[in-house]
Each structure stands twice: as structure tokens, then as C-alpha cells.
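Have a look at the structure below, then the notes.
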Number of protein chains: 2
Amino acid sequence: MNAEKRRRLEKAGWKLGSTKEFLGMTDEEEAVIDLKLALARAVREERSKRKLTQSQLGRLLGSSQSRMAKMEAGDPSVSIDLLVRSLLRMGASRRDLIRWLARPGRKAA
Amino acid sequence: MNAEKRRRLEKAGWKLGSTKEFLGMTDEEEAVIDLKLALARAVREERSKRKLTQSQLGRLLGSSQSRMAKMEAGDPSVSIDLLVRSLLRMGASRRDLIRWLARPGRKAA
DNA sequence: GGAGAATATGTCAGACTTGACATCTACGCA
DNA sequence: TGCGTAGATGTCAAGTCTGACATATTCTCC
């Protein structure tokens, strides 16, 4: 993990605190974040494919535009549960989920 | 979905209510439950492989024996996040997660 | 360069999840 | 039978997540 990646994550709203705390981020935390980002990308792509706005998708899923934005940004306030449920409600299959998880996350520059 | 499966799920603590409500369970809900059960099985198998008791694993993960039991039972009070985090903390890789998700759930008898 | 649509960000009350504890059941063994 | 260990189940205060709303920013045409 490096500075570039740190910037990406902080930009996405993860409160990583001091460098010390940052270095203390466990592998598990990092893996969870990456996993969420993969699902977040999937939500955005599925929405695009359907040519829906965030507002429309929010209505469709019984939620709001702002939460769609947070989901797609991988905001820390969004759980894996919510991401998975949303994808499934958009009609994705378990197979699709697995495909998205298998797709490697963007490497830091 | 059939009566056998329903019995399995209710046994596991899912409050499915009347048949009407049960039939109203959406595909998304069912998919989420199956997914959780797959992860739950994975937790139990990983723990067995390490020859740990639920108490030991609980201590290891900073949690309790009772939560380990609930996790392994796929209890409704357990989130996908918790299951995933637990597996990762046990040293599982993203690849492992995917393998477990890809493994088909037990079919109703 | 301004209007309107789409998306992003901040906040919060209410809902849900968590670790912890107490208690209960099931099994093995002497 | 009684005891010790492992696992299951119920409950709850404290913590986290959710949908909703308000507001801000970015994008896209003209």
C-alpha cells in the first residue's frame, strides 16, 4: 500500500487518520474496502447499462439518490449487505456477483 | 422454493411468517439468505480445519462464542459484512471468498 | 456563461447489528 | 449419574447503517 492508494481512499471518505494509524490498517480492513469498491463499480456499471439516473435507481430500490451516490462511491457508511442486496435487486445473479468480485481492483498508479 | 427449504430456513431462525408472506419473499431476499448460508458454512469449515472451538475463535476475532454460533448458523442478526470480515481475519483471501460463494448451496431434499 | 439535469456531500432520527452475558441443551466419559 | 466441555439461544445497551432531506458541485447543452 502506498501514498497514491491512500489518497484514493481518503478521497473516497475513509477516515484513515495519521500515518501511524494508516499503517495500522489491517489487511482485513484493506481487503474489505477493495471488495466494497469492486461492488460499487458493479452498481455503477449496471445502472449505466440500464441507462438510469441515480434518482431513478433510488426509486426503483426503495431508496434515495444520495444513497445511490454513496453506494457508487464506496462510502464507508455503505455496507456490503446493501451493495449486494442492491445488485441482486437489479436482477444480478449470484454468478454475476462472483464475476464482479473476481475482477481485480484498479491498481494504484 | 418448497416446504422443505422453508423448514430449513425457519429452523435457522428466519421469521418467514405466514405462507402468504413466505411466498412474497423476493428472489433477492432468498439469494441473500443463500449467500449468507454459504459464508456461514465457510466459517465453520475454516474453524474446524484449524481445530478451534467457537470460544477460541471468538476471542481470536475479538468477539464472543455466542456470536460465532450465530454466524455459523446464518442467523438473521448476522450481516454479510461480519461474515466476510471474519473470514478475511481468519486469513482467507479474496480468492477463497469467491470459491466459497461459487460453491452451490445444499439443495432442498 | 447560464439554466437545468445529474451527481456529490453533510446531517440526522430511526432501524438494525454487535459484543457480551446468562442460560440452556447435547455429548463424552468415568 | 454427575461433571466438564462445546455449542445453541435469548436478551440488551451501545454502536453502526439506512433512507431521507437539504444543499453543493459538476456536467451538458444552448
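Below, chains carry the letters A, B, ... as their sequence lines are ordered, and counting in each starts from 1.
Atom CZ of A:Arg59 and atom CG of A:Leu52 lie 10.0 Å apart (nearest 0.5 Å). Taking CE of B:Met71 as the reference point, atom OG of B:Ser63 lies at 5.5 Å (rounded to 0.5 Å).
B:Arg89 meets the side-chain contact (heavy atoms from CB on, under 4.5 Å) test with A:Glu28, B:Leu61; sequence neighbours excluded.
Across all strands, A:Arg59 comes closer than 4.0 Å to no nucleic acid atom at all (heavy-atom distances).
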Contacts under 3.5 Å, N or O only, protein and nucleotides 14-24 of chain D:
residue: D:dT18; atom: OP1; partner: A:Ser79; partner atom: OG; Å: 2.6
residue: D:dT18; atom: OP2; partner: A:Ser77; partner atom: O; Å: 2.9
residue: D:dT18; atom: OP2; partner: A:Ser79; partner atom: N; Å: 3.0
residue: D:dG19; atom: OP2; partner: A:Ser63; partner atom: OG; Å: 3.3
residue: D:dG19; atom: N7; partner: A:Arg67; partner atom: NE; Å: 2.7
residue: D:dG19; atom: N7; partner: A:Arg67; partner atom: NH2; Å: 3.2
residue: D:dG19; atom: O6; partner: A:Arg67; partner atom: NH2; Å: 3.4
residue: D:dA20; atom: OP2; partner: A:Ser63; partner atom: O; Å: 3.4
residue: D:dA20; atom: N7; partner: A:Ser64; partner atom: OG; Å: 3.2
residue: D:dA20; atom: N7; partner: A:Ser66; partner atom: OG; Å: 3.4
residue: D:dC21; atom: N4; partner: A:Ser66; partner atom: OG; Å: 2.4

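Rounded to an integer number of Å, the gap from CG of A:Leu52 to C1' of C:dA5 is 15 Å. Computed from coordinates, the A:Glu72 CD to D:dT25 C1' distance equals 16 Å when rounded to whole Å. Across the protein-nucleic acid pair, B:Gln54 atom CD and C:dA20 atom P stand 15 Å apart, rounded to whole Å.
A:Arg47 and A:Glu72 are joined by a salt bridge, as a carboxylate oxygen and a charged side-chain nitrogen come within less than 4.0 angstrom of each other. The pair B:Arg41-B:Glu45 does not meet the salt-bridge criterion, since no charged nitrogen lies less than 4.0 angstrom from a carboxylate oxygen.
When A:Leu82, A:Asp75, A:Leu57 are each tested for a side chain to side chain contact (heavy atoms under 4.5 Å, CB included) with A:Arg67, only one passes: A:Leu82.
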